Amino acid sequence: MNKKIKKIFILITVLFVIMFLLSTSLIFGQVQNNLLTNYRGFQEGLSKRANYNYNGSLTAKELAAEYTDSYSFSYFESYAWGVALYNKDNEIVEMSGSHIGIYDEINDSKEIIFIDKYLTSENKLKIYNFQKSLKNKNALDILEFNYIEKDNTKIPVSFVLFNVNNEFKTIKIDISNEKNYKTIKNEQVFSGKMWINFVDINEKSYLHKSYNYIYNLLSTADVSDLFRNHSGGGYGGSEEQLGQYYINLADGEYVIIVSSVYNPNIETLQSDSFIHSTINQSVYFIIFYLIAIISLTIYFKKRKKLEDVKNAFTGAAAHELKTPLSVIENQCECIMENVAPEKNTEYINSIYSETLRMNKLISSLLQYNRLASADHIKMEKCRLDEILNMEIEKYQTYFSTKNIRLETDICDNLEIKCNAELIALVIDNYLSNAVKHTDSGNTIKIFLKKCDNGYRFSVYNEGKNIPNEYKDMLFNVLYKTDKARNRDDNSTGIGLAICKEILEQHKFKYGYSNKRNGVEFYFTT
């Protein structure tokens, strides 16, 4: 690949990279705007819930749990948020977080056990890995809860989680080594007797830092003014929300602080919509890039092939025409200078003979040039056996004259799609070479047989093997195994090169092989 072609490929690559980056930035902006709209809706939901008039229907603990149950679904899992309930003494009574809920059917009441303070990093990692292994991450529920009671409070000892979707997977989370514990079980899947919700389980995620920030923010608030004024708070900033609201619950008066943090850039980069859009875009860009590169490669290969043909044509013509032109020039000088005038007839015959040789060579070169430059050739259904028999008939005189024995093994009714005229030319060249290299009394064998995926034609002639040093050059333009380039055989040295172009245009395999006491040339359809 020359420097100019390399520069073109580099330019195409750079343009595709620039287009990819521009397109990605547009996708990024669109996804970011959509996610910001969703986040504002999430903020609005948090604030509306805090402003709701509960009329003493919930306790502080139940309200904190209600928030977690409502906003811990996967749709909101990328938002770091939290709520805290303060009493009149500016003390935190409850804070949202991971909890287990137990429904008492007899008393028609709910009991909430917040479990964040009991969970270790190892517990959280175990829960996170289990949840990540599930096909539906929202299909996680609690099967069994083991606890001890202290000061009328249930303190967890261990609990068993299970997957309620498709397959029944379970995992046990141990919190303490207490042996004398009580047990509550969900006798039926989806019974609703117990439920569990987790917040901030993955401590390696970027959200963990945001949760820590929010918990610190919730724990250091001053709500005394709201108790005096009984009024709602406000928001601060587009990426961070902090609202404070006075509420009256079943177990007293509180101020609820609602906080959430949102990083637009990180959220966008980690969002499914951006990732999927970028992957789809990458696939399209790779496909179009490969198409562009392959198209350019094909173009430059064709261009190189035409240049090679041109160079081969020019070099071959110059080399082959040099000798006959020198002979003609010499004979003309002899006539013009009246050297041995009694030989003028001989000089003229020599000039005529060399002219015929040049005419044949030029015709062959032009034919090769047309074939090598052609994009495609016209093909139609033909009888290969009929084409072969017609060519054999043309050489019957040569076989008789040189006393060559001919053996044939030809199947009938062999139909292929080809250019009959060009395939006849290939067969003619094969037969012509065989006749030239077969001594009197020797044998030529011609075969046409069915093979695995088509038909195989071959011509074998008794004689010398072709030396291995010529095997890679035999089908080249104007290459002859006779290094002396013998002019007596009337060969142009271009016949096999023409065969090569014809057979490659047909996508036929071709070649030769040295056999015992001879050589076989072949092609397969």
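Keep in mind that what you see is a predicted model, and the values were worked out from it rather than measured.
Using a 4.5 Å heavy-atom cutoff, the side chains of Leu161 and Asp141 are not in contact. Here the side chains of Leu414 and Arg383 are not in contact, with every heavy-atom distance at 4.5 Å or above. For the pair Val261/Tyr211, no side-chain contact is recorded, criterion being any heavy-atom separation below 4.5 Å from C-beta on. When side chains are defined from C-beta on, Thr524 does not count as touching Asn453, because their heavy atoms never get closer than 4.5 Å. Counting heavy atoms from C-beta outward, Met390 and Glu393 have side chains that stay 4.5 Å or more apart. Inter-residue side-chain proximity for Glu407 and Ile444 is flagged as unmet; no heavy-atom pair is nearer than 4.5 Å. Using a 4.5 Å cut-off on side-chain heavy atoms (C-beta onward), Leu448 and Asp409 make no contact. Under the 4.5 Å side-chain criterion, counting only non-hydrogen atoms from C-beta, Thr408 is not in contact with Leu388.
Heavy-atom neighbours of Glu415 CD from other residues, nucleotides or ligands within 6.0 Å: above the threshold of 12.
With Ser277 contributing its side chain and Phe274 its backbone, the two residues share no donor-acceptor pair below 3.5 Å. Of the possible polar contacts, none joining the Asn429 side chain to the Leu496 backbone as a donor-acceptor pair under 3.5 Å is found. A donor-acceptor contact shorter than 3.5 Å is absent between the side chain of Tyr460 and the backbone of Thr443. A side-chain donor-acceptor contact under 3.5 Å links Lys402 to the backbone of Thr438. Using modelled atom types, no side-chain atom of Lys445 and backbone atom of Glu462 make a donor-acceptor pair closer than 3.5 Å. Looking at Asp439, its side chain never comes within 3.5 Å of a backbone N or O of Gly463 through a donor-acceptor pair. Judged purely by atom type and a 3.5 angstrom limit, Ser23 has no side-chain atom pairing as donor or acceptor with the backbone of Met19. Checked by atom type and distance alone, the side chain of His506 pairs as donor or acceptor with a backbone atom of Asn419 at under 3.5 Å. Remark: side-chain polar atoms of Asn514 are not paired, donor with acceptor, to backbone N or O of Asn465 under 3.5 angstrom. Here the side chain of Ser432 pairs no donor or acceptor atom with the backbone of Asp428 at under 3.5 angstrom.
Here the OG-NZ distance, from Ser121 to Lys204, works out to 10.5 Å after rounding to the nearest 0.5 Å. To the nearest 0.5 Å, the span separating CG on Leu422 from CE on Met379 amounts to 10.0 Å. Atoms CD1 and CD1, on Ile392 and Ile387 in that order, are 12.0 Å from each other to the nearest 0.5 Å. Considering CG of Asp412 and CG of Asn389, their distance stands at 8.0 Å, rounded to 0.5 Å. Separation of atoms CD1 (Ile127) and CD (Glu122) is listed at 11.5 Å; rounding is to 0.5 Å. For the atom pair CD of Glu391 and CD1 of Ile423, the computed distance is 11.0 Å after rounding to the nearest 0.5 Å.
Here the shortest heavy-atom pairing between Ala434 and Val459 reads CB-CG1, 3.7 Å. Among all heavy-atom pairs drawn from Tyr79 and Leu35, the shortest one is OH-O, 3.7 Å. Here the closest non-hydrogen pair linking Ile142 and Asn186 is O-ND2, 2.9 Å. What you find for Phe20 and Gln281 is that their closest heavy atoms are CE1-NE2, 3.1 Å. When every heavy atom of Tyr512 is checked against every heavy atom of Pro467, the shortest pair comes out as OH-O, 4.4 Å. Of all heavy-atom pairs between Lys450 and Tyr455, the closest is CG-CE2, 3.4 Å.
The aromatic rings of Phe285 and Phe16 sit perpendicular to each other, their planes meeting at more than 60°, with 30° as the lower class boundary.
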task = Carefully, step by step, assess Asn146 and Glu144 under the rule side chain to side chain donor-acceptor pair (under 3.5 Å).
result = CA-CA 7 Å; Asn146 301 311; Glu144 178 181 297; 3.1 Å; yes
task = Assess whether side-chain contact (heavy atoms from CB on, under 4.5 Å) is satisfied between Tyr430 and Phe523, documenting all intermediate values.
result = CA-CA 10 Å; Tyr430 277 16; Phe523 69 79; 4.1 Å; yes
Stepwise side-chain contact (heavy atoms from CB on, under 4.5 Å) check, Ser205 with Glu203 = CA-CA 6 Å; Ser205 73; Glu203 293 186 346; over 6 Å; no
key: Working for side-chain contact (heavy atoms from CB on, under 4.5 Å), residues Leu406 and Tyr395   = CA-CA 10 Å; Leu406 178 65; Tyr395 280 86; over 6 Å; no
key: Intermediate values then yes/no, side-chain contact (heavy atoms from CB on, under 4.5 Å), Asn123 and Thr120   = CA-CA 5 Å; Asn123 292 147; Thr120 63; 3.0 Å; yes
task = Would you please test Phe457 and Phe447 for ring pair (Phe, Tyr, Trp, His ring centres under 6.0 Å) and show each step?
result = CA-CA 6 Å; Phe457 164 74; Phe447 298 93; 9.6 Å; no
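Checking Asn338, Val339, Thr345 one by one against Pro341, the side-chain contact (heavy atoms from CB on, under 4.5 Å) holds for a single residue, Asn338.
Checked by atom type, the side-chain pair Asp200/His208 shows a donor-acceptor distance below 3.5 Å. Looking only at atom types and distance, the side chain of Tyr289 has a donor-acceptor partner in the side chain of Thr13 under 3.5 Å away. Side-chain polar atoms of Asn265 and Thr268 form no donor-acceptor pair below 3.5 angstrom. Residues Tyr510 and Glu504 bring a donor and an acceptor atom of their side chains to less than 3.5 Å of each other. Counted by atom type alone, Tyr39 and Ser260 present one or more donor-acceptor pairs between their side chains at under 3.5 Å. No side-chain N or O of Thr68 forms a donor-acceptor pair with one of Asn197 less than 3.5 Å apart. Between the side chains of Tyr347 and Asn330, not a single donor N or O lies within less than 3.5 Å of an accepting N or O. Residues Asn442 and Arg405 have side chains that never bring a donor and an acceptor to within less than 3.5 angstrom of each other. Under the 3.5 Å distance criterion, with hydrogens and angles disregarded, a donor-acceptor pair is assigned to the side chains of Glu267 and Tyr206.
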Which atom pairs, donor and acceptor, lie under 3.5 Å between side-chain atoms of residues 515-522 and protein residues at least two apart or in another chain?
| unit_1 | atom_1 | unit_2 | atom_2 | d |
| --- | --- | --- | --- | --- |
| Glu520 | OE1 | Arg456 | NH2 | 3.4 |
| Glu520 | OE2 | Ser458 | OG | 3.2 |

